[in-house]
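Quick notes on the structure that follows.
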Amino acid sequence: YLSHLLLAGLLTVLPPWLAEKVILTACVAGLPLALRYLLRANQQAAGWLVVLGFPFIYSALFLWGFYNFCLSLVLLLLALGYWQRLNRTGQRAGIGGLVVLITLLYAANPLTYLVSGLLLGLLVVAQSQPGGLPTFFRRVGRLLLAYLPTLPLLCWYFWHKGTATSAPAQHYGENFWNWLHLEPIAYLGSAGGTYRWLVTGLLAVAVAGAVRQLIRLKQQLLLVTILPWAVGTVLLLGAYVILPDAMSGGSIIRPRWGLLSYLTLLSALSVVPWPARLRTVLLGAGTIVAILFLGFRLQKFQALQSGLAEYRSAGPYLRSGTTLLPLTYAAVTRMPNGA
């Protein structure tokens, strides 16, 4: 519901094209800002890792118009960062903010809502180790309180939509290869394949550096801190490889698992204390890749401008209460895995 409610409100004060652009801006600017918020909540000095998240802004899902899911990514990162700060300060009064974020998250997308429960649950288990069962039950209670307003809505959703799925996923090896090759950000031209390998290589260097740091430091507390993010990444990767691509009335699920797993992986990397030299290398390389990414997208988007201008040229002929039916007779740029 979220994007529809936002657009309905914005249309009372803005023209349609600008109202939609506000939603797009919330997705584009919100993702890196919310990711930085979470990374700094995990570790104050980890904000620089946000440059590795820039390639995931203009994902295929964003370009296909899945605005609710893109907004849900922003809300998920904010909710996770808010929980981390709440857990660090121990403020009980702050639970109201988490209730608001979780409620907005449910209004955006049920899949991301469920993933938030998974990741927050893993964090509760890991963070309750020193305090034992009393601490565990106290934090579980606070978490359930945050989800209480939306759990009945989730049951209502499944009651109406059911739990039907498409055919089980096949070709697990191919799916895993697509995950490595960052298929969820594939769009607009074959050159994107080379670009995606650049991002994959950058993430591989970051993961190797993090593993090296873990082996070198041998801190048990550090392992406990990184474990929920690592387990979450593996579970989301497994969902990408194994689960069907349509379930409970939703379709094109696999790219969503992919984006969620990449962002969770970045959260895992933010827990590691990085040596200054490696941090500088990754920051510089990540910035260059982000700039190349934006330049690549800008060039590809120019091809869409003539069609968009033609579509908008019908605006003066539309009267209040009428609808424009777009009919395309020209060849359309191929999308990933289809025409």
Side-chain angles (χ1 to χ4, degrees), residues 1-11 14 16-39 50-82 100-116 118-119 150 157 179 182-188 192 196 199 236 239-240 245-267 290 293-294 296-298 300-301 304 308 335-337:
Y1 304 114
L2 187 57
S3 70
H4 304 292
L5 292 173
L6 291 174
L7 283 171
L10 290 169
L11 284 171
L14 298 175
W17 69 270
L18 185 54
E20 185 176 22
K21 194 171 286 288
V22 170
I23 302 295
L24 296 174
T25 303
C27 297
V28 171
L31 185 67
L33 290 173
L35 178 59
R36 183 175 182 270
Y37 176 78
L38 171 59
L39 297 176
V50 72
V51 297
L52 303 185
F54 270 79
F56 305 119
I57 297 174
Y58 291 97
S59 65
L61 289 163
F62 175 76
L63 298 173
W64 288 336
F66 288 86
Y67 297 161
N68 283 310
F69 177 77
C70 294
L71 289 171
S72 76
L73 292 179
V74 177
L75 291 166
L76 172 67
L77 297 172
L78 290 175
L80 292 170
Y82 189 85
V100 172
L101 288 171
I102 294 299
T103 303
L104 290 173
L105 182 56
Y106 174 82
N109 188 267
L111 177 65
T112 315
Y113 171 87
L114 291 172
V115 170
S116 73
L118 168 69
L119 295 176
T150 48
Y157 175 83
W179 183 85
L182 304 178
E183 188 68 18
I185 65 172
Y187 199 82
L188 293 177
R196 297 201 313 274
V199 181
L236 292 170
Y240 180 92
D245 199 31
M247 60 184 68
S248 299
S251 61
I252 314 181
I253 302 294
R254 186 161 292 112
R256 307 183 198 211
W257 291 124
L259 286 174
L260 289 164
S261 65
Y262 302 142
L263 294 173
T264 308
L265 175 62
L266 291 178
S267 299
F293 164 74
L294 293 173
F296 170 77
R297 292 301 192 201
L298 180 63
K300 293 297 181 179
F301 288 164
L304 306 176
L308 183 60
M335 290 183 173
N337 303 321

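Hydrogens, waters and symmetry mates are skipped; everything else that's a heavy atom, side chains included, is used.
What you find for Arg196 and Leu182 is that their closest heavy atoms are CD-O, 3.1 Å.
Ser116 places none of its side-chain heavy atoms less than 4.5 Å from the side chain of Leu80. With a 4.5 Å cut-off on side-chain heavy atoms, Asn109 and Arg256 count as touching. By the 4.5 Å heavy-atom criterion applied to side chains, Ile57 and Phe62 are not counted as neighbours.
Relative orientation of the Tyr113 and Tyr106 rings is perpendicular, given thresholds of 30° and 60° on the angle between their planes.
Residue Leu31 is tested with Leu259, Leu73, Leu71 for a side chain to side chain contact (heavy atoms under 4.5 Å, CB included); the sole match is Leu73. With respect to Leu105, the side chain to side chain contact (heavy atoms under 4.5 Å, CB included) criterion is satisfied by exactly one of Leu75, Leu114, Val115, Val74: Leu75. Among Ile23, Leu2, Leu61, the one residue that satisfies the side chain to side chain contact (heavy atoms under 4.5 Å, CB included) test with Tyr67 is Ile23.
Between the Asp245 side chain and the Arg254 main chain, a donor and an acceptor come within less than 3.5 Å of each other. Judged purely by atom type and a 3.5 angstrom limit, Arg36 has no side-chain atom pairing as donor or acceptor with the backbone of Val50.
Distance check: Leu76 CG to Thr264 OG1 gives 7.0 Å after rounding to the nearest 0.5 Å.
A donor-acceptor contact closer than 3.5 angstrom is absent between the side chains of Ser261 and Tyr240.
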